[in-house]
Amino acid sequence: MTTSAHTLASGRGWQVSDVVCTAGAADRPFEEEHRKFCVAVVTSGTFRYRAQQGTAMLAPGALLLGNPGTCYECGHEHGAGDRCLSFHFEPAYMEQIVAGMPDAKKLNFKMPRLPPLPALAALLAEAEAAREMADIDAFEELALRIAGAAVASGVTPAARVPSRRDQKRVAEAVRRIEKDAERPISLAELASETATSPYHFLRSFRHVAGVTPYQFLLKTRLHRAAVRLRMSDEAISTIAFEAGFNDLSTFNRRFRRVMGEAPGAYRARRVRAA
């Protein structure tokens, strides 16, 4: 088996699993079926996801969206392996959320994924930290918040399906950013590695990933820093520098803008909750 799933927590109408896939380019995708609503948080790796709503390249920080009763395929022709926090919801659970959102007129995801959105950065860091720290009690609230975020954001029309060539180029760049996020990475360098012009690469990256390369790099650095803040007592400056930020003031400013609070306050909430 190329995929293993370990149930982390469950409750009335919901379940969350840690799903690890080791499939690579040599492994042929096979069709599976979503039995419930699925919102999977990609925490590492990239893969191609094809469902009734369309085809998308999934990268860390993205949310895979699945409707019950629909078939799907996941392919890894761009690189081996991925890991996700996979939330599954009964229709009745989701109906309660939709009932409170006037704009969500139909209980059905219209697109295959949400890109790595800054508005979800703090929530997804909490979810990954809960997994790493085996904080089972945190998942009841996290499941509700993630389901609500997916319903609120997943009712817009799907965008045009990117070409496979663009998906491959962007997947390679995403993995490069993941590998060297703590180091300086220029747009020109990334474009050169995918044999495209910086302008074409920027346009393709944003089209496929939903954010710019710099936004994704910054998201990756801030996400890793947020996880370490919740899991360790290391100095904030150490975490900032090792995440790739050159000075503490820049890190504090960007962390506050994306996460909604300063690094010290973010860590203090973990301490108060302990």
Side-chain angles (χ1 to χ4, degrees), residues 1-23 30-45 47 49 51-53 58-74 81-101 104 106-109 111-114 116-117 119-155 223 226-227 230-231 269-270 272-274:
M1 293 290 291
T2 59
T3 303
S4 63
H6 171 62
T7 300
L8 299 174
S10 63
R12 187 173 181 179
W14 65 273
Q15 177 180 306
V16 57
S17 300
D18 181 17
V19 180
V20 178
C21 179
T22 59
F30 60 92
E31 192 173 80
E32 301 179 78
E33 181 182 348
H34 290 299
R35 299 184 181 276
K36 303 175 183 179
F37 283 100
C38 178
V39 181
V41 180
V42 183
T43 60
S44 65
F47 59 95
Y49 172 60
Q52 186 177 10
Q53 310 100 291
L58 277 293
L63 299 185
L64 177 153
L65 303 177
N67 295 307
T70 62
C71 296
Y72 68 95
E73 281 186 356
C74 293
D82 66 84
R83 189 178 186 185
C84 299
L85 270 170
S86 187
F87 291 83
H88 297 271
F89 305 101
E90 296 284 356
Y93 186 98
M94 299 295 276
E95 285 171 2
Q96 293 178 1
I97 296 173
V98 173
M101 298 182 182
K106 188 176 181 181
L107 187 64
N108 192 48
F109 292 127
M111 53 188 180
R113 67 96 162 94
L114 294 180
L117 300 173
L120 298 178
L123 174 59
L124 302 191
E126 285 186 52
E128 186 169 349
R131 179 190 68 190
E132 297 304 313
M133 299 176 69
D135 188 0
I136 305 304
D137 294 336
F139 279 111
E140 181 178 11
E141 180 179 314
L142 286 168
L144 182 62
R145 292 168 63 192
I146 285 175
V151 170
S153 303
V155 294
H223 176 82
V227 172
R230 295 188 71 87
M231 293 179 61
R269 284 200 296 110
R270 180 206 71 181
R272 289 197 299 268

Quiz prompt | SG on Cys71 to CD on Glu31, rounded to 0.5 Å | solution = 4.0 Å

Quiz item: If we only count heavy atoms from C-beta on, is the Glu90 to Glu95 side-chain gap below 4.5 Å?
Solution: no

Exercise. Find out whether Val39 and Leu65 are in side-chain contact, i.e. whether some heavy atom of one side chain is under 4.5 Å from a heavy atom of the other.
Key: yes

Quiz prompt | Set of salt bridge (Lys or Arg N to Asp or Glu O under 4.0 Å) partners for Glu141, sequence neighbours left out | solution = Arg145

Quiz prompt | Glu140: salt bridge (Lys or Arg N to Asp or Glu O under 4.0 Å) partners, not counting sequence neighbours | solution = none

Practice problem: Tell me, please, which residues at least two apart from His88 pass ring-ring contact (aromatic ring centres under 6.0 Å, His included). | Solution: none

Practice problem: Not counting sequence neighbours, which residues clear side-chain hydrogen bond (donor to acceptor under 3.5 Å, both in side chains) with Glu132? List them please. | Solution: none

Quiz item: Nearest 0.5 Å, what's the CD-CZ distance between Gln52 and Phe109?
Solution: 13.5 Å

Quiz item: Do the non-hydrogen side-chain atoms of Cys38 and Ser86 ever get within less than 4.5 Å of each other?
Solution: yes

Quiz item: side chain to side chain contact (heavy atoms under 4.5 Å, CB included) with Glu32: which residues, sequence neighbours excluded?
Solution: Phe30, Tyr72

Quiz prompt | Listed partners of Phe87 passing ring-ring contact (aromatic ring centres under 6.0 Å, His included), at least two apart | solution = none

Self-check item: Closest heavy-atom pair and its distance - Pro60, Ser44
Solution: CG-CA, 3.9 Å

Practice problem: Rounded to the nearest 0.5 Å, what's the gap from CZ on Arg12 to OG on Ser10? Could you check? | Solution: 13.5 Å

Practice problem: Would you mind reporting whether Met94 and Val151 have side-chain heavy atoms less than 4.5 Å apart? | Solution: yes

Quiz item: When rounded to the nearest 0.5 angstrom, what distance separates CG in Asp82 from CG in Leu58?
Solution: 8.5 Å

Quiz item: Residues two or more places apart in sequence or in another chain: which of them pass salt bridge (Lys or Arg N to Asp or Glu O under 4.0 Å) with Arg113?
Solution: none

Quiz prompt | Leu144 side chain reached by Ile97 side chain, heavy atoms, under 4.5 Å | solution = yes

Quiz prompt | Derivation and outcome, side chain to side chain contact (heavy atoms under 4.5 Å, CB included), residues Glu128 and Val41 | solution = CA-CA 9 Å; Glu128 186 169 349; Val41 180; over 6 Å; no

Quiz prompt | Minimal non-hydrogen separation, Ala149 against Leu123, with atom names | solution = CB-CD2, 4.4 Å

Self-check item: Evaluation steps, side chain to side chain contact (heavy atoms under 4.5 Å, CB included), between Ile146 and Leu120
Solution: CA-CA 9 Å; Ile146 285 175; Leu120 298 178; over 6 Å; no

Quiz prompt | Within-4.5 Å side-chain heavy-atom neighbours: Leu64 and Phe47 | solution = yes

Quiz item: Listed by chain and number, what are the side-chain hydrogen bond (donor to acceptor under 3.5 Å, both in side chains) partners of Asn67, not counting sequence neighbours?
Solution: Asn108

Quiz item: Distance from Gln53 atom CD to Met111 atom CE, nearest 0.5 Å?
Solution: 9.5 Å

Quiz item: So how far is it from Tyr93 OH to Trp14 CH2, rounded to the nearest 0.5 Å?
Solution: 7.0 Å

Quiz item: Would a distance-only check, ignoring hydrogens and angles, find a side-chain to backbone donor-acceptor pair under 3.5 Å from Thr22 to Thr2?
Solution: yes

Practice problem: For Thr43 and Cys84, work out which heavy atoms get closest and say how close. | Solution: OG1-N, 4.1 Å

Self-check item: Side-chain heavy-atom pair Glu126, Arg269 within 4.5 angstrom cut-off
Solution: yes

Exercise. Not counting sequence neighbours, which residues clear side chain to side chain contact (heavy atoms under 4.5 Å, CB included) with Val20? List them please.
Key: Ser4, Asp18, Arg83

Quiz item: Among all residues two or more places apart in sequence or in another chain, which pass the side chain to side chain contact (heavy atoms under 4.5 Å, CB included) test with Ala130?
Solution: Asp135, Ala138, Phe139, Leu142

Quiz prompt | Over all atoms of both residues, closest heavy-atom pair of Tyr49 and Gly66 | solution = OH-CA, 3.7 Å

Quiz item: If you take all heavy atoms of Leu85 and Ala127, which pair is closest and at what distance?
Solution: CD1-O, 3.4 Å

